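Here the structure is a predicted model, which means the values were calculated and not measured. For reference, positions follow the sequence shown, starting with 1. Values reported hereafter were calculated over all heavy atoms of this structure, with side chains retained and with hydrogens, waters and symmetry mates removed.
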Amino acid sequence: LIECSGLAEVAPVAQTFFIDDFVQANLQLDAVLCVCDCKRLQALLGPGFGESDEGLEKERHVVFEQLALADIVLLNKASCVEADVLTVL
């Protein structure tokens with residue numbers, strides 16, 4: 001289990017399993033798990049989603065990359081959003 005907190009870029013960590021000979025010979029990448037804070041994900045995908053804010057755009061890019069590379073997505077703090085929002089997420 002390798003944990004990358006917050007807005008860590010997943011690709012460089014995952015690439016280690018394929019480019020390092022020792023790691024490749026002795027370890028196996030089984031799955032990538034992405035834990036998403038429902039309230040924050042709602043804010044990123046909610047009204048103003050297309051707004052041009054450099055800081056927000058960088059955060060969205062990293063979040064979308066994490067979701068795209070994930071084999072499993074765990075929605076955290078689901079009780080902090082309405083049921084209909086949770087269904088969309």
- Quick one: side chain to side chain contact (heavy atoms under 4.5 Å, CB included) partners of Phe18, sequence neighbours excluded? Leu29

- Query: Hydrophobic cluster mates of Val88, side-chain heavy atoms under 4.5 angstrom, ILVMFWY only, any path?
  - Reply: none

- Item | Selection residues 28-40 - residue pairs positive for side-chain hydrogen bond (donor to acceptor under 3.5 Å, both in side chains), sequence neighbours left out | Asp37-Lys77, Arg40-Glu59

- Message: I'd like to know if the side chain of Asp20 and the backbone of Thr16 have a donor-acceptor N/O pair within less than 3.5 Å.
- Response: no

- Task: List for me each residue that meets side chain to side chain contact (heavy atoms under 4.5 Å, CB included) alongside Glu65, sequence neighbours excluded, and say none if there are none.
- Result: Glu9, Ala11, His61, Leu69

- Query: Of the non-hydrogen atoms in Cys36 and Leu67, which two are nearest, and what is the gap between them?
  - Reply: SG-CD2, 3.5 Å

- Residues at least two apart in sequence or cross-chain that pass side chain to side chain contact (heavy atoms under 4.5 Å, CB included) with Ala70, listed by chain then number, are Cys34, Val73

- Residues that Asp71 engages under side chain to side chain contact (heavy atoms under 4.5 Å, CB included), provided they are two or more places apart: Ala31, Val32

- Would you please test Cys38 and Leu86 for side chain to side chain contact (heavy atoms under 4.5 Å, CB included) and show each step? CA-CA 7 Å; Cys38 288; Leu86 189 59; 3.9 Å; yes

- Quick one: hydrophobic cluster around Leu33, which other residues, with the 4.5 Å side-chain cut-off, linked directly or via members? Val35, Ile72, Leu74

